[in-house]
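Lettering follows sequence order; numbering is per chain, from 1. In this text, all values refer to a predicted model and were calculated from it rather than measured experimentally.
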Amino acid sequence: MSKGLPKRSEDYSLWYNELVKRADLAENSPVRGCMVIKPYGYSIWEKMQAELDRMFKETGHTNAYFPLFIPKSFLSKEASHVEGFAKECAVVTHYRLKNAEDGSGVIVDPEAKLEEELIVRPTSETVIWSTYKNWIQSYRDLPLLVNQWANVVRWEMRTRLFLRTTEFLWQEGHTAHATSEEAMAETVQMMNVYAQFAEEFMALPVVKGRKTANERFAGADDTLCIEALMQDGKALQAGTSHFLGQNFAKAFEVKFATKEGGLEYVWGTSWGVSTRLMGALIMAHSDDHGLVLPPKLAPFQVVIVPIYRGEEELALISVKAKEIMADLRKAGISVKYDDRDTQKPGWKFAEYELKGVPVRIALGPRDLENKTLELARRDTLTKESFQWEEMPIAEKIGGLLDEIQEGIYQKAFDFRKENTTEVNSWEEFKQVLEEKAGFLSAHWDGTPETEDKIKELTKATIRCIPLDQVQEPGSCVYSGKPSTGRVLFAKAY
RNA sequence: CGGGGUGUAGCGUAGCCCGGUAUCGCGCCACAUUUGGGAUGUGGAGGUCGUAGGUUCGAAUCCUGCCACCCCGACCA
């Protein structure tokens, strides 16, 4: 039991905040709405980045980097884009400070006002498409498949560590294509990459779907997404992939010469996932003892805690521990040996539970004598005694890590299944949302008006129209008008 | 941005109403004994009381501005 970690059942929100801080993932910074990602948290993000980056490259993308600042005039070139972002932009107006005359420190130098203000990027479509104009002349220049790892700023009213911060880290892919079909195929492909990453590495089951017009990205013709369900029954948008049509090509005059000698606007996509995935990872699996990490993303997968009395005993145990470490590392398993003499074993056990280390090995004099190890699983909190001779240690641990990865995925999957409810009447809709939450699968008449009304009345939004939606006749849960299939509603982060 | 609340040592807090030496626990440092589920004892260090002003002989305490955080709303790809 971790000392004082709030329980999920009592205050989910507080539990989340405390967990993020106590597990050394991140903390609030002196800057409003901005967080410091601590080394332990950042190394999880680095693992995510590494896998995603590999997947992007496997699908033919290359990385590039565009400026942090965007001239104000760029943003307004795509009408719905600027409308969506204008209210949350940080703006640079001056380029110099000077000493205050009263000696009170530095002030903004009024002489140094910028001719044109610069926006700190909330996303990079505009600056990238203005660049693409120069890069694309012919169908031979297409497709253009670029990704950028960057930080962006969105001036949100209320922030929460990882889930919504003023500045956040993300990747944004921006591609240009000769045909609508090809751009749409790219949009679908990247949504699938995100889904695969979420399920395979984060052990997070996701629903692939399409956003309604209301929820669509500002400047997109179509937005695909992956949606995940958190333990408190709220949905979290984990990644989006946008079909931009020719909107940005038209706004920035990006045309290409076709094979047939014509001149046409380019088709675009953009897609992104952010440090919000960290929030999803934390909330999806963790418990009242602390973090539960999927082995594939844990900064280290195994920790060895020696149990000893005195230097001599530690020396003996260390010999065996180092042998185990070498075996594990050879098998590609990351391991930390915590032989600090400053904390007792019980303290370390609790600490690594809080930090979500998937497997813990305790090794003491008793084990040396009996040729055993104590293996503890973080996900189930169960312990077993393992005989050295039973099988090679790396094989045993490797199997355990696979089981844990699979186990926490299955647990999250079962949770989602249990918390996805088909509802068929307005009364039922309200009751289930109130008492059970989770995803509500319901018929919808397809109009933004109904969607808005439901949001206003219940705070639930349409998370997505699932791609595997079954075509079935029905009547809208709110308006009673005809519908052709169910969509997923939920309260969302 | 509107309503409510909170800021006191690294963390959690008492004191504030009724102005006068800043409280306690955890953590930290030293030493000793300890080490198979968050050790014990003894000694010690650590404070611009969020911040800037004001009132006062004197402000953690009263007043004002500002900042940050939490809750509710609005906002939120």
Is it true that [X] and [Y] have a side-chain N and a carboxylate O under 4.0 angstrom from each other?
X	Y	value
A:Glu18	A:Arg22	yes
A:Arg377	A:Glu403	yes
A:Glu374	A:Arg366	no
A:Lys7	A:Asp288	no

Which nucleotide, [options], lies nearest any side-chain atom of [X]?
X	options	value
A:Lys344	B:rC76, B:rG37, B:rG36	B:rG36
A:Glu156	B:rU35, B:rC76, B:rG37	B:rC76
A:Asp341	B:rG36, B:rU34, B:rC76	B:rU34

[atom1] gap between [N] and [M], integer Å:
N	M	atom1	value
B:rC31	B:rU48	P	28 Å
B:rU13	B:rA74	C1'	34 Å
B:rG5	B:rA9	C1'	24 Å
B:rU34	B:rG10	P	34 Å
B:rA30	B:rC67	P	42 Å
B:rG46	B:rU64	C1'	33 Å
B:rG27	B:rG19	C1'	33 Å
B:rG53	B:rG38	C1'	46 Å

Roughly, in whole Å, what's the span from [atom1] in [X] to [atom2] in [N]?
X	N	atom1	atom2	value
A:Gln237	B:rC76	CD	P	13 Å
A:Asp339	B:rU35	CG	C1'	14 Å
A:Met157	B:rG3	CE	P	14 Å
A:Glu27	B:rC69	CD	C1'	14 Å
A:Asn28	B:rC67	CG	P	17 Å
A:Arg366	B:rU35	CZ	C1'	13 Å
A:Met35	B:rA68	CE	P	18 Å
A:Arg463	B:rC76	CZ	C1'	11 Å

- Item | Side chains of A:Thr461 and A:Arg463, donor plus acceptor under 3.5 Å | yes
Checking base pairs now: Watson-Crick or wobble, both atom distances under 3.5 Å. What partners [N]?
N	result
B:rG12	B:rC24
B:rG2	B:rC72
B:rG7	B:rC67
B:rG19	none
B:rG41	B:rC31

Look at the side chain of [X] against the base of [N] and say whether a donor-acceptor pair falls under 3.5 Å; ignore hydrogens and angles.
X	N	answer
A:Gln343	B:rG38	no
A:Lys348	B:rG36	no
A:Arg360	B:rG37	yes

- Task: Show your working on side chain to side chain contact (heavy atoms under 4.5 Å, CB included) between A:Phe439 and A:Glu227 and close with a plain yes or no.
- Result: CA-CA 10 Å; A:Phe439 281 132; A:Glu227 291 282 330; 4.2 Å; yes
Please check the phosphate of [N] (OP1 and OP2 only) for any side-chain N or O of [X] closer than 4.0 Å.
X	N	value
A:Arg158	B:rC72	yes
A:Ser13	B:rC71	yes
A:Lys459	B:rG73	yes

[X] near the nucleic acid: base, sugar-phosphate alone, or nothing, with a heavy-atom cut-off under 4.0 Å?
X	value
A:Gly272	nothing
A:Thr123	nothing
A:Gly33	sugar-phosphate
A:Asp367	base
A:Arg160	nothing
A:Thr223	nothing
A:Glu88	sugar-phosphate
A:Arg32	sugar-phosphate
A:Lys21	nothing

- Query: Between A:Lys211 and A:Gly364, which has a closest nucleotide on RNA chain B that is more 5'?
  - Reply: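 Nearer the 5' end of the strand: A:Gly364.
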- Let me know, please, whether A:Trp347 or A:Phe217 comes out on the 5' side of the other along RNA chain B by nearest nucleotide. A:Trp347
- If we only count heavy atoms from C-beta on, is the A:Arg378 to A:Asp287 side-chain gap below 4.5 Å?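 A side-chain contact under 4.5 Å exists here.
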- A:Trp45 ring center within less than 6.0 Å of A:Phe162 ring center: no
- Task: Given salt bridge (charged side-chain N to carboxylate O under 4.0 Å, His left out), test A:Lys348 with A:Glu351 step by step and report yes or no.
- Result: CA-CA 5 Å; A:Lys348 292 177 186 173; A:Glu351 178 73 3; over 6 Å; no
